[in-house]
Structures are given as structure tokens and as C-alpha cells.
Protein chains: 2
Amino acid sequence: MKRDSRLSSVLHALLHMAEQDGPVTSETLAQCMNTNPVVVRRTMGLLREVGIVSSAKGHTGGWTIAADLGAVTLRQLHEALGEPAVFAIGNRNETPECLVEQAVNSVLDDAFAEAEALLLKRFETVTLADLAVDFARRHAEWRERRTIS
Amino acid sequence: MKRDSRLSSVLHALLHMAEQDGPVTSETLAQCMNTNPVVVRRTMGLLREVGIVSSAKGHTGGWTIAADLGAVTLRQLHEALGEPAVFAIGNRNETPECLVEQAVNSVLDDAFAEAEALLLKRFETVTLADLAVDFARRHAEWRERRTIS
DNA sequence: TTTCATGTAACTTCAATTATTACAATTCGA
DNA sequence: TCGAATTGTAATAATTGAAGTTACATGAAA
């Protein structure tokens, strides 16, 4: 199964944008993420719809973060992407007549719902600002290692 | 993304087998699960490797449960199926050089690992016997409803 | 007015599960 | 012993959804 990596992608893009002063073009983001500008526009467009980023056409155009880094959670980003299916495992038939299959679905659905709830709760506690701090720490460590060697 | 429904499938199959006296053929299981006998063989073959079911060729052949229903957990079945990826969401690049992406991966990996651990812990607490009981309850309810109306 | 950039539709590629076909191997019953 | 029933398995196609690509229209700034 091909995994949906859009959440990972937009986080990567947003943190790079946070490091920049002005707008960043789709072309630049695409290069730094080894992907295609059109894919960037498509995905970032979803974030624009909920006001997390803004875009401008023409010269000096590109993408800009339009919200406070501390106010944007992973959960909001997940929702902005259309709340894609979290699990790669699922029921064969969501509305079976067979009572055996109903019993199976019920147990599996409960377990998956519990795990998804935990994941989304955790997503609520992480903001872009948190990630920026984490990146800054890694960057400082990296500089230190480079100085020593 | 196409979801892996083999866990759901084998549970369905195993509970149907538990209701039966003798062996059940791949053909019968395939019909009751709206799938193909070869798919059944392929999937059940994985369960046979860990001793949960046994198979016999020829006349009067087919599949039989080889373990105690109370001793087989969802977790064991998940493992027997090769521990397929639980999540449909993942990182774009698992071993990035980019420090930004490393920070992103780290946060996401932690969150997913936590949710997966919860899911598997829950899978450990559910046995085939539990599911059989749940099915029996549903069956009794269904009979009652039918008698009333 | 030219160039740079987004916006978007249409289509192709890609990866993974699932389905199908074909046939070999085995076992039981008549 | 023969033959039908059944599993075992390789090879291949269908399916599905994300990701990638092409093409072109639109808009803004130099």
C-alpha cells in the first residue's frame, strides 16, 4: 500500500517557509522536497483554504505562512488535508449482513477508533512552533558536532 | 489507498470454521467471504505456518482450527499475517539528511508508535473465544427480534 | 508587455493489495 | 487402480488511491 505522506510533506514545507523571510515559490519547495511544483500547489492549496498559508501570483509571489506558528497544530493540518484514512488495515465489508462479520467489524472498529483517538489527541498537542524549536535544537547540535570535528 | 483487510478476513473465516464440525474447503470459505479460493489458501497458509489452523488435501480435505479458541489473540493473527503496516499515513523519506525533515519524522514517528502500541496492546486482549461469544450474543438477539416480529 | 508565478484540469505513473488463471501434487473413495 | 476433490503455488491481471507530469489559463509585478 502506498502511504499518504502529505502531512509529512506540508510540515517539511511549512518549517522551511518559517525559516524564510519572504514568500517561497512552489518550485523552491518542490526542489527541497524532491517533488513536483504542481503537487506542492495542490497540497498547499488545501492549507490555504483554512487560512494557514496564503499565496500570491506573479513576480515576488509564492507561499507565505498566514497563521501564528504556535496556533497551528498537527491535528489542524490533518483536517485541512481532508482527514485522510489513518489506518492501512480495515474491514473487508463495512456494512455486512453476516452476523459473524458484524461481530468482527465491531471489535476491530473499536480498537482502531481508540488508537485513532489517541493519535489525534497527540496531534492536538503539537504545534508548528514546537517543531521549529525541535529543529533549532537539532541545528545547534549539528553545528556543534561540525565544530568539534 | 487500498486497505489490507486480511485480518478482518481471517477472523471471519475462523469464526465460521469454529461453527463447523469437520474441515471447511477454501471454496466454501471463499463463497462466504465473497472472494477467491486462492486468496483463502494464501492467507490461511500463513496461519497454518504458526499452527493456528491445519489443512488437508483430497476428499474430505479442507481447513480446520488447530488451536484453542481462547488461546489465539488478534495480535497473534496480526503477526501471523506478517505484521503488515498499520498506518496509511507515513513519512515521505524515512532517512532524510535534511534536519527539518528529521525533526518532522521524529515527531510523527513518536505519535504513530504510541498509537500502534495501544492498538497492539488491545489486540492482545481479544481472543477468538471472545469473538465467538460476541457472535453468539448477536445471534441470540437476532433470533429474538425475529420471533417478536 | 514580458516574465514569473499560481490555478487547475487531464492524464500517467507507481505501489500495494486483491483477484484470477493455470497447473502440479496429493488424498480419499468407489 | 482410477478419478474426482482438494490444497499448493507460480505467474499475471485488475484495482485503487497517492503522487507525478503535462499543458495551458490567469494574474501580478518589473
Side-chain angles (χ1 to χ4, degrees), chain A residues 1-10 12-13 17 20 22-49 53-64 66 78 81-94, chain B residues 1-10 12-13 17 20 22-49 53-64 66 78 81-94:
Chain A
M1 168 180 317
K2 197 166 209 171
R3 294 165 99 180
D4 180 343
S5 61
R6 287 177 302 162
L7 181 58
S8 167
S9 290
V10 298
H12 192 177
M17 286 162 64
Q20 289 285 328
V24 183
T25 66
S26 306
E27 182 67 39
T28 303
L29 289 175
Q31 276 176 8
C32 107
M33 297 160 66
N34 282 316
T35 180
N36 191 290
V38 177
V39 174
V40 172
R41 287 186 201 117
R42 205 151 51 198
T43 315
M44 297 298 282
L46 296 171
L47 303 192
R48 184 186 47 219
E49 284 177 14
V53 299
S54 61
S55 61
K57 291 181 175 176
H59 273 263
T60 74
W63 299 89
T64 315
H78 176 65
L81 295 176
E83 299 194 73
V86 168
F87 295 105
I89 299 179
N91 296 326
R92 153 170 300 271
N93 178 349
E94 287 302 334
Chain B
M1 165 182 318
K2 199 165 208 169
R3 293 165 100 180
D4 181 342
S5 61
R6 287 177 305 162
L7 182 58
S8 167
S9 290
V10 298
H12 191 177
M17 286 161 65
Q20 289 284 328
V24 184
T25 66
S26 306
E27 182 68 40
T28 303
L29 289 175
Q31 277 175 8
C32 106
M33 296 160 67
N34 281 315
T35 181
N36 191 290
V38 178
V39 174
V40 171
R41 284 184 204 121
R42 205 151 48 199
T43 314
M44 297 298 282
L46 297 171
L47 304 192
R48 184 186 48 219
E49 284 177 14
V53 299
S54 61
S55 62
K57 291 180 176 178
H59 273 263
T60 74
W63 298 89
T64 316
H78 176 66
L81 295 175
E83 301 194 72
V86 167
F87 295 105
I89 298 179
N91 297 326
R92 155 170 299 270
N93 180 348
E94 286 303 335

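All chains are named by letter (A, B, ...) in the order of the sequence lines, taking the proteins before the strands, and each is independently numbered beginning at 1. Basis for what follows: all heavy atoms, side chains included, without hydrogens, waters or symmetry-related copies.
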How long is the line joining [atom1] of [X] and [atom2] of [N], in whole Å?
| X | N | atom1 | atom2 | value |
| --- | --- | --- | --- | --- |
| B:D4 | D:dT16 | CG | C1' | 14 Å |
| B:R92 | D:dA19 | CZ | C1' | 8 Å |
| B:F87 | D:dA18 | CZ | P | 18 Å |
| A:E49 | C:dG7 | CD | P | 11 Å |
| A:L7 | D:dA19 | CG | C1' | 16 Å |
| B:N93 | D:dA19 | CG | P | 14 Å |
| B:L46 | D:dG8 | CG | P | 12 Å |

Name the nucleic acid region contacted by A:G62, choosing base, sugar-phosphate or nothing; use a 4.0 angstrom heavy-atom cut-off, strictly under.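 Here A:G62 touches the backbone only, sparing every base.
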Restricting to non-hydrogen atoms, name the atom on [X] and the atom on [Y] that form the minimum distance, rounded to 0.1 Å.
| X | Y | answer |
| --- | --- | --- |
| B:L81 | B:R6 | O-NH2, 3.4 Å |
| A:T25 | A:W63 | C-CD1, 4.2 Å |
| B:A85 | A:A88 | O-CB, 3.5 Å |

Contacts of type side-chain contact (heavy atoms from CB on, under 4.5 Å), residue [X], not counting sequence neighbours:
| X | result |
| --- | --- |
| B:T64 | B:P23, B:S54 |
| A:E49 | A:L46 |
| B:S9 | A:R92, B:S5, B:M33 |

Which one, C:dT6, D:dT7, D:dA19, comes nearest to the side chain of A:R6?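 Of the candidates, D:dA19 comes closest.
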Going by atom types only, do A:R48 and A:S55 share a side-chain donor-acceptor pair under 3.5 Å?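 Judged by distance alone, the side chains do pair up.
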Are the side chains of B:Q20 and B:T28 in contact, using a 4.5 Å heavy-atom criterion?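 No; the side chains remain at least 4.5 Å from each other.
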When you measure from every atom of DNA chain C, which of residues 27-36 of chain A have a heavy atom less than 4.0 Å away?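 By residue number: none to list.
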Pairs meeting criterion side-chain hydrogen bond (donor to acceptor under 3.5 Å, both in side chains) with involvement of residues 29-40 of chain B, two or more places apart: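 Every pair satisfying side-chain hydrogen bond (donor to acceptor under 3.5 Å, both in side chains) with a residue in residues 29-40 of chain B: there are none.
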Check whether any side-chain nitrogen or oxygen of A:S55 sits under 4.0 Å from OP1 or OP2 of C:dG7, and answer yes or no.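 Yes.
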Report, as a single string ordered 5' to 3', how protein heavy atoms within less than 4.0 Å touch nucleotides 22-30 of chain C: B base, S sugar-phosphate only, - not at all. B---SBB--
D:dG20 base / A:R42 side chain donor-acceptor hit below 3.5 Å: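 Such a pair is found, so the answer is yes.
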